[in-house]
Amino acid sequence: TMALLRPSLLPLLLLLISLIHNHNVALVSAEESSSPSPGTLRCLSGWTRSSKLYTISPDRINDGYCDCPLDGLDEIETGACSGSMDGMWTGIPSASSFRSIEGGGGASAPSSNSVVFVCPQQPSLHLPPSRINDGICDCCDGADEQPPKSSDESASSPCPDVCDTVLAAEREAQKKLQLDYTLGSQGRQSSIRQFQTWKEELQHKIQMVSGRDIVHLEQRLQDAKLVLSEKRIDLVKVWTLAVDEVLSHSTLKEIVTNEQRMSVQRLGLFFISMCQLSGEASTDQVANGRCLPFDRASLDLGILWDHDGNGDLPSFHVFDAETEESITNYAEKLVLRLEGKDARCDSTTTREAKKSTNKNRVKRPHPEPDMDDFDDDYHDDDYTGDSGDYINEKGIEEGDDGNKEGDNATVKNLMEKLPLLAVRDAFKMHGKALLASSATDDNADIDTEDEEDSVSEDETSDNSVDPMALSMARSTISKRLGNIDRGETSSKSAARYVAALIENSSSDLEDLQNLVIMTMYHSKLSSEDIAEIIYNLSLSFPTDQQDGGSEQTCSDVTPWSNWCPPVTLISQSGVKLYPPPFIVAAAERRCSQREDAVGVCSGKEEEETDAEFPLSVPDGYYAYYEPQVRTPADEISPFFAAMDLLRMPGDLTNAKKTVEDIGTKLVSTRRELTKLENELDSSDTSKYGVDGELFMMRDSCHKIESGKYEYEVCIFGKATQRDIGQKGGGTHLGSWD
């Protein structure tokens with residue numbers, strides 16, 4: 001049976017081979033045809049891209065047979081090539097390099113690289129050729145299922161148009177997108193217009209500020225400075241007239257011009273003595289280690305010192321009334337004087353000096369006193385510290401000039417001959433010894449406190465010491481030691497300046513005499529202290545009051561024993577010559593005040609004496625009396641009335657304020673101009689976008705909360721961190737760059 005069936009299959013096999021052969025006869029090899037005829041199609045005949053390229057004749061296109069199985073190009077309008085590459089044959093990759101066929105109006109024969117159909121109303125929907133006219137409506141309007149060309153042209157698509165339903169959400173989204181784009185585009189154009197307007201306004205404002213405001217302010221400032229210069233010149237004239245009036249008093253001249261009694265050296269000692277006493281009398285008379293009365297007297301006479309000089313002695317120059325710059329500088333110094341600011345030349349130096357002073361103090365332990373029982377002397381302004389028991393070993397407020405005697409011979413000679421130092425040195429030695437002894441006794445009392453329990457009540461009463469009185473005595477001694485140190489600092493500084501004047505060949509005796517008179521005014525010393533200085537310095541007065549009597553004892557030796565009672569030099573004609581009568585009267589009062597003073601001994605015997613600590617320290621203790629400040633009732637005060645009347649002129653104050661206000665306004669305007677120019681420069685570097693489209697975001701701020709903090713970022717501004725609920729302030733985190 002098997003043998004009979006096999007021959008019967010042969011005709012069928014031959015028929016199949018014949019059909020295949022007849023079909024392939026129509027295919028012409030691409031290698032055999034150099035150029036295809038019009039309307040033909042070339043494609044790969046196999047299932048891979050390595051297949052041979054064949055030419056398909058026009059009658060074989062859309063004939064219902066798939067000649068191009070790889071891409072189905074020959075059966076675009078039929079379903080013969082369904083399952084081809086774009087129909088997603090398994091194992092065959094997609095060809096992404098082909099172009100699409102635009103739908104609508106019927107599908108036409110595609111080119112060799114057009115294999116995708118795009119629905120007209122659904123641009124995102126791409127259909128492969130196998131889905132065209134396959135009886136399935138893929139496009140919402142049926143564009144993929146068009147009637148055949150051979151059919152009636154009036155025939156409609158077999159697919160209904162359901163685009164309104166299918167595309168409702170998509171069209172709504174598209175509409176919103178279009179609206180957003182329109183609004184965004186309008187906002188962008190608005191921002192660009194705002195930016196252009198702002199930029200034009202900014203340029204105009206820069207032109208106005210630079211070309212009008214600043215020029216106007218500069219002119220106003222120049223005019224105000226001219227007015228101020230005139231007022232300064234007026235002040236210099238008034239000041240010079242007041243100084244000349246003081247110097248014209250013959251009585252004051254007699255103090256410093258009587259024969260050889262006031263030589264250059266004696267005048268120098270007069271300066272230094274007044275600086276010593278004025279420094280002791282008030283802290284206001286010493287600034288940065290310098291003697292302010294001498295500084296101010298120099299300014300009155302147009303002597304301007306270079307306090308920052310590095311030489312052995314300070315240098316100076318004289319005010320030049322012929323040059324505007326010199327007048328301006330001189331007038332400014334006078335204004336500082338009138339405003340009370342001349343003593344604040346270097347506040348830093350003063351603060352550092354005070355720190356140094358505190359470091360050099362040694363605290364003495366003792367019971368805290370009851371402040372309610374203290375008298376006015378105990379509350380003196382010079383008193384510093386808890387209880388007054390402090391020792392300043394290096395002086396008070398020693399500035400740059402405080403200890404610069406150096407090796408200059410003139411300075412050393414002046415300081416060695418200063419008559420006031422003997423009394424001061426004796427008081428310092430005795431006072432420091434008492435304080436040191438008191439501190440030792442306090443420590444010993446603490447160590448033996450338990451042993452004293454056995455002492456009887458009567459003995460305790462007899463030997464007890466009032467701790468309040470002891471504390472006040474310590475305070476007084478400490479205060480006076482500080483006053484002496486401050487005075488010595490002032491006198492040492494003055495010695496350098498006086499030496500510079502003495503060694504300067506251009507300084508004559510009259511200049512020094514005038515400087516002494518003006519220093520006398522600014523020292524504010526009483527006529528009694530001035531008289532004491534005069535009698536101590538004059539060589540014309542007798543220095544030995546002994547009339548061949550017994551040898552003086554230590555208790556008889558005082559600073560006043562050589563000239564008390566005071567005498568007056570008389571010429572051969574009987575005319576009183578020196579000193580002026582009011583000075584003699586003042587000296588007599590001083591002798592009367594000092595007649596009970598305790599003597600000064602400098603020998604070793606006195607040093608080695610173990611004196612008990614006094615329970616009270618009156619003025620004049622150990623021959624030291626505190627200098628007295630001059631009062632309006634003093635005999636010498638009327639001579640300086642012209643200087644006392646000097647005040648800051650109101651028109652000068654107004655002129656100065658006008659210059660300051662205009663200057664401040666000018667600086668502010670220039671800063672504003674710089675800010676505007678920087679803002680314009682930043683706009684040219686696309687800070688606000690290429691065309692200024694980001695300008696509308698300017699000054700907008702955005703906040704976010706995290707934990708207990710709120711963070712705020714301002715566009716083109718700054719970023720800030722602050723506590724939630726905090727209205728202002730906060731931590732600056734940076735600026736927009």
N-O pairing of Asp67 and Arg60 below 4.0 Å = no
inquiry  = Checking Thr323 now: which residues fulfil side-chain contact (heavy atoms from CB on, under 4.5 Å) with it, not counting sequence neighbours?
reply    = Asp320, Ser326
For Thr674, side-chain contact (heavy atoms from CB on, under 4.5 Å) partners two or more places apart = Asn678
message = Could you check whether any side-chain heavy atom of His522 comes within less than 4.5 Å of a side-chain heavy atom of Leu292, counting everything from C-beta outward?
response = no
task = Report the residues that fulfil ring pair (Phe, Tyr, Trp, His ring centres under 6.0 Å) with Phe716, sequence neighbours left out, ordered by chain and then residue number.
result = Tyr688, Trp736
ask   = How long is the span from the CD1 atom in Ile56 to the CG atom in Asp63, to the nearest 0.5 Å?
value = 9.0 Å
task = Using only the SG atoms, establish whether Cys159 and Cys139 come within less than 2.5 Å of one another.
result = no
key: Candidate pair Asp661 and Lys657, rule salt bridge (charged side-chain N to carboxylate O under 4.0 Å, His left out), full reasoning   = CA-CA 6 Å; Asp661 292 344; Lys657 187 177 185 304; 2.9 Å; yes
remark   = Heavy atoms of Gly729 and Thr720 approach each other most closely as O-CG2, 3.5 Å
ask   = What distance separates Thr731 OG1 from Gln726 CD, expressed to the nearest 0.5 Å?
value = 8.0 Å
query = So, Gln122 side chain and Ser124 main chain: donor-acceptor pair closer than 3.5 Å or not?
reply = no
query = Got Leu202 and Leu676 here, is their nearest side-chain heavy-atom distance under 4.5 Å?
reply = yes
message = When you compare the side chain of Leu334 with that of Leu299, does any pair of heavy atoms fall below 4.5 Å?
response = yes
Counterpart residues, salt bridge (charged side-chain N to carboxylate O under 4.0 Å, His left out), relative to Lys333 (two or more places apart) = none
query = If every non-hydrogen atom of Ile327 is compared with every non-hydrogen atom of Phe319, which pair is closest and at what distance?
reply = CA-CE1, 3.7 Å
query = Do Val713 and Tyr711 pass the side chain to side chain contact (heavy atoms under 4.5 Å, CB included) test, and can you show the C-alpha distance, the side-chain angles, and the key distance before you say yes or no?
reply = CA-CA 7 Å; Val713 177; Tyr711 297 88; 5.8 Å; no
From CD (Gln721) to CG (Leu733), nearest 0.5 Å = 5.5 Å
request  = Indicate whether the side chain of Asp295 and that of Trp305 have a donor and an acceptor atom separated by less than 3.5 Å.
outcome  = no
task = Kindly state each residue pair satisfying salt bridge (charged side-chain N to carboxylate O under 4.0 Å, His left out) with at least one member in residues 718-731, sequence neighbours excluded.
result = Glu710-Arg722, Glu712-Arg722
request  = List for me each residue that meets salt bridge (charged side-chain N to carboxylate O under 4.0 Å, His left out) alongside Glu672, sequence neighbours excluded, and say none if there are none.
outcome  = Lys205
task = With sequence neighbours excluded, tell me which residues meet side-chain contact (heavy atoms from CB on, under 4.5 Å) with Asp161.
result = Gln121, Asp141, Cys163
query = Step by step, would you call Gln222 with Gln219 a side chain to side chain contact (heavy atoms under 4.5 Å, CB included)?
reply = CA-CA 5 Å; Gln222 183 178 356; Gln219 183 61 47; 4.1 Å; yes
message = Are more than 12 heavy atoms, taken from residues, nucleotides or ligands other than His732, located less than 6.0 Å from that residue's NE2 atom?
response = yes
key: Shortest non-hydrogen separation from Ile724 to Gly707 and the atoms involved   = CD1-O, 3.3 Å
Gap separating the CG atom of Leu226 from the NZ atom of Lys231, nearest 0.5 angstrom = 12.5 Å
ask   = Would a 4.5 Å heavy-atom cut-off, applied to side chains only, mark Lys199 and Gln203 as touching?
value = yes
query = What distance do Asn62 atom CG and Leu41 atom CG have between them, rounded to the nearest 0.5 Å?
reply = 9.5 Å
Identified side-chain contact (heavy atoms from CB on, under 4.5 Å) counterpart of Leu127 within the set Asp138, Val118, Ile136, Asp134 = Asp138
key: Arg42 and Asp74 ion-paired at < 4.0 Å   = no
ask   = In terms of heavy-atom contacts, does CD1 of Ile704 have more than 12 from other residues, nucleotides or ligands at under 6.0 Å?
value = no
inquiry  = Taking salt bridge (charged side-chain N to carboxylate O under 4.0 Å, His left out) as the definition, give me every residue that meets it alongside Glu332, ordered by chain and number, with sequence neighbours left out.
reply    = Arg232
task = Report the C-alpha separation of Arg296 and Asp300 in whole Å, then their side-chain angles, then the decisive distance to 0.1 Å, and conclude whether the salt bridge (charged side-chain N to carboxylate O under 4.0 Å, His left out) test is met.
result = CA-CA 6 Å; Arg296 290 168 174 169; Asp300 291 337; over 6 Å; no
key: Note, Leu304 side chain near Val318 side chain (heavy atom, < 4.5 Å)   = no
note = On a heavy-atom basis, the closest approach of Leu221 and Gly663 is CD1-N, 4.0 Å
message = Within the structure provided, determine whether Thr669 and Val209 are in side-chain contact (heavy-atom separation under 4.5 Å).
response = yes
task = Please step through side chain to side chain contact (heavy atoms under 4.5 Å, CB included) for the pair Asp699 and Cys714, ending with a clear verdict.
result = CA-CA 6 Å; Asp699 298 331; Cys714 294; over 6 Å; no
Going by atom type alone, with no hydrogens or angles, which donor-acceptor pairs under 3.5 Å involve a side-chain atom of residues 185-193 and a protein atom two or more places apart or on another chain?
| unit_1 | atom_1 | unit_2 | atom_2 | d |
| --- | --- | --- | --- | --- |
| Arg188 | NH2 | Asp691 | OD2 | 3.3 |
| Ser190 | OG | Gln194 | NE2 | 3.2 |
| Ser191 | OG | Gly692 | O | 3.0 |
| Ser191 | OG | Glu693 | O | 2.9 |
| Ser191 | OG | Phe695 | N | 3.2 |
| Ser191 | OG | Met696 | N | 3.0 |

query = Does anything in residues 209-221 pair up under salt bridge (charged side-chain N to carboxylate O under 4.0 Å, His left out), and if so which pairs, sequence neighbours excluded?
reply = Glu218-Arg670
message = Applying side-chain hydrogen bond (donor to acceptor under 3.5 Å, both in side chains), can you list everything that pairs with Asp164, at least two apart in sequence or on another chain?
response = Arg171
message = With heavy-atom distances below 4.5 Å as the criterion, would you say the side chains of Val335 and Lys341 are in contact?
response = no
inquiry  = Quick check against the 3.5 Å criterion: does Ser668 have a side-chain atom that pairs as donor or acceptor with the backbone of Thr664?
reply    = no
task = For the pair His126 (side chain) and Pro123 (backbone), establish whether a donor and an acceptor sit closer than 3.5 Å, ignoring hydrogens and angles.
result = yes
query = For Gln174, what residues pass the side-chain contact (heavy atoms from CB on, under 4.5 Å) criterion, not counting sequence neighbours?
reply = Leu177
inquiry  = For a 4.5 angstrom cut-off between non-hydrogen side-chain atoms, does Tyr330 reach Val236?
reply    = yes
query = What distance do Cys119 atom SG and Leu125 atom CG have between them, rounded to the nearest 0.5 Å?
reply = 4.0 Å
inquiry  = Show, in sequence, the C-alpha distance, side-chain angles and deciding distance for Thr328 and Leu228, and conclude whether the side chain to side chain contact (heavy atoms under 4.5 Å, CB included) test is met.
reply    = CA-CA 9 Å; Thr328 299; Leu228 179 60; over 6 Å; no
